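Keep in mind the model is a prediction, meaning the values are calculated, not measured.
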Amino acid sequence: VQLVESGGGLVQAGGSLRLSCTASGSISSINAMGWYREVSGDKDREYVAGLSGSGNTYYAESVKGRFTISRDNGWSTLYLQMNDLKPEDTAMYYCAALAIAWGQGTQVTVSS
C-alpha cells in the first residue's frame with residue numbers, strides 16, 4: 001500500500017484546510033486508517049483522528065469538534081477536514097493505513 005497526502009499549506013488562525021490521502025496498491029488489505037501529526041523537533045507523532053472499517057470515528061481531544069475524518073470510494077481516499085485552525089495545529093500531518101503503511105506527510109502551518 002502506498003499513501004500520498006496533499007492539501008497542506010499556510011492558513012491564518014480560524015481558517016480551514018482539507019487534507020487528502022490517496023491510497024494505491026493492495027487497498028483491500030486496509031482495515032482502518034488515521035491521521036497523525038508531528039511537530040517540528042518533536043520525536044513523538046501525535047494521533048489526530050481515526051476511521052474504522054465499520055465507520056466509527058475517533059478524535060484526539062484537542063481536535064474534537066473542529067476536525068472531521070472521512071473517506072471516499074472505500075479506502076481509496078481519506079480526508080481530514082480541519083476547521084477553526086489554531087497555531088498549535090501547526091505540524092506535519094501523516095496519513096496511515098494502520099499497521100500497514102505511512103504517507104510522506106503534508107505540512108500545515110497556522111499563523112496567528
Side-chain angles (χ1 to χ4, degrees):
V1 173
Q2 293 79 44
L3 305 173
V4 178
E5 300 97 333
S6 61
L10 174 64
V11 64
Q12 288 188 332
S16 299
L17 284 174
R18 188 174 81 156
L19 305 184
S20 300
C21 173
T22 301
S24 60
S26 300
I27 298 175
S28 59
S29 63
I30 298 174
N31 293 312
M33 294 187 73
W35 289 95
Y36 292 75
R37 65 188 181 187
E38 188 174 304
V39 176
S40 178
D42 188 347
K43 294 182 180 179
D44 294 329
R45 194 167 285 186
E46 176 191 17
Y47 173 83
V48 176
L51 180 60
S52 73
S54 59
N56 292 325
T57 57
Y58 308 89
Y59 297 95
E61 284 296 324
S62 59
V63 307
K64 265 183 190 175
R66 301 188 297 122
F67 291 11
T68 304
I69 189 171
S70 63
R71 61 174 172 166
D72 186 39
N73 192 20
W75 293 114
S76 293
T77 308
L78 184 73
Y79 299 103
L80 185 68
Q81 177 67 43
M82 306 186 294
N83 298 328
D84 189 24
L85 282 160
K86 304 176 180 181
E88 51 264 41
D89 294 318
T90 295
M92 184 72 80
Y93 283 72
Y94 295 90
C95 166
L98 300 187
I100 296 176
W102 289 90
Q104 84 291 348
T106 185
Q107 178 68 37
V108 171
T109 303
V110 184
S111 63
S112 56

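- Panel note: side chain E5, backbone C95; a donor-acceptor pair is recorded below 3.5 Å.
- Residue M92 is not grouped with residue V110 when hydrophobic side chains (ILVMFWY) are merged at heavy-atom distances under 4.5 angstrom, including chains of intermediate members.
- Note on Y94 and V63: separate hydrophobic clusters, where clusters join Ile, Leu, Val, Met, Phe, Trp and Tyr whose side-chain heavy atoms are under 4.5 Å apart, directly or indirectly.
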Determine all donor-acceptor pairs shorter than 3.5 Å in which one atom belongs to a side chain in residues 20-36; sequence neighbours excluded.
unit_1	atom_1	unit_2	atom_2	d
S24	OG	Q2	OE1	3.4
S29	OG	S26	O	2.6
W35	NE1	Y79	O	3.2

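- Looking at heavy atoms from C-beta onward, L19 lies in side-chain contact with V108 at the 4.5 angstrom threshold.
- Listed by first and then second residue, the salt bridge (Lys or Arg N to Asp or Glu O under 4.0 Å) pairs involving residues 86-100 are R37-D89, R66-D89 (not counting sequence neighbours).
- Follow the hydrophobic side-chain contacts under 4.5 Å out from L80 and you reach V1 in the same cluster.
- Evaluation of the side-chain contact (heavy atoms from CB on, under 4.5 Å) rule for V39 yields D42, A91 as partners, not counting sequence neighbours.
- S111 pairs by the side-chain hydrogen bond (donor to acceptor under 3.5 Å, both in side chains) definition with nothing, not counting sequence neighbours.
- Both I100 and L3 are assigned to one and the same hydrophobic cluster, defined by single-linkage of ILVMFWY side chains at heavy-atom distances under 4.5 Å.
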Scan the side chains in residues 11-18 for donor-acceptor partners under 3.5 Å anywhere in the protein, sequence neighbours excluded, and list what turns up.
unit_1	atom_1	unit_2	atom_2	d
S16	OG	N83	OD1	3.0

Exercise. What's the verdict on side chain to side chain contact (heavy atoms under 4.5 Å, CB included) for T90 and Q107, showing C-alpha distance, side-chain angles and the deciding distance?
Worked result: CA-CA 8 Å; T90 295; Q107 178 68 37; 4.0 Å; yes

Could you list the donor-acceptor pairs under 3.5 angstrom formed between side-chain atoms of residues 49-61 and any protein atom two or more places apart in sequence or on another chain?
unit_1	atom_1	unit_2	atom_2	d
S52	OG	S54	N	3.4
S52	OG	S54	OG	3.0
S52	OG	G55	N	3.4
S52	OG	N56	N	3.0
S54	OG	N56	ND2	3.2
Y59	OH	I69	N	2.9
E61	OE2	K64	NZ	2.8

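- Cluster membership check: W75 shares its hydrophobic cluster with Y93, using side-chain heavy-atom separations under 4.5 Å among Ile, Leu, Val, Met, Phe, Trp and Tyr.
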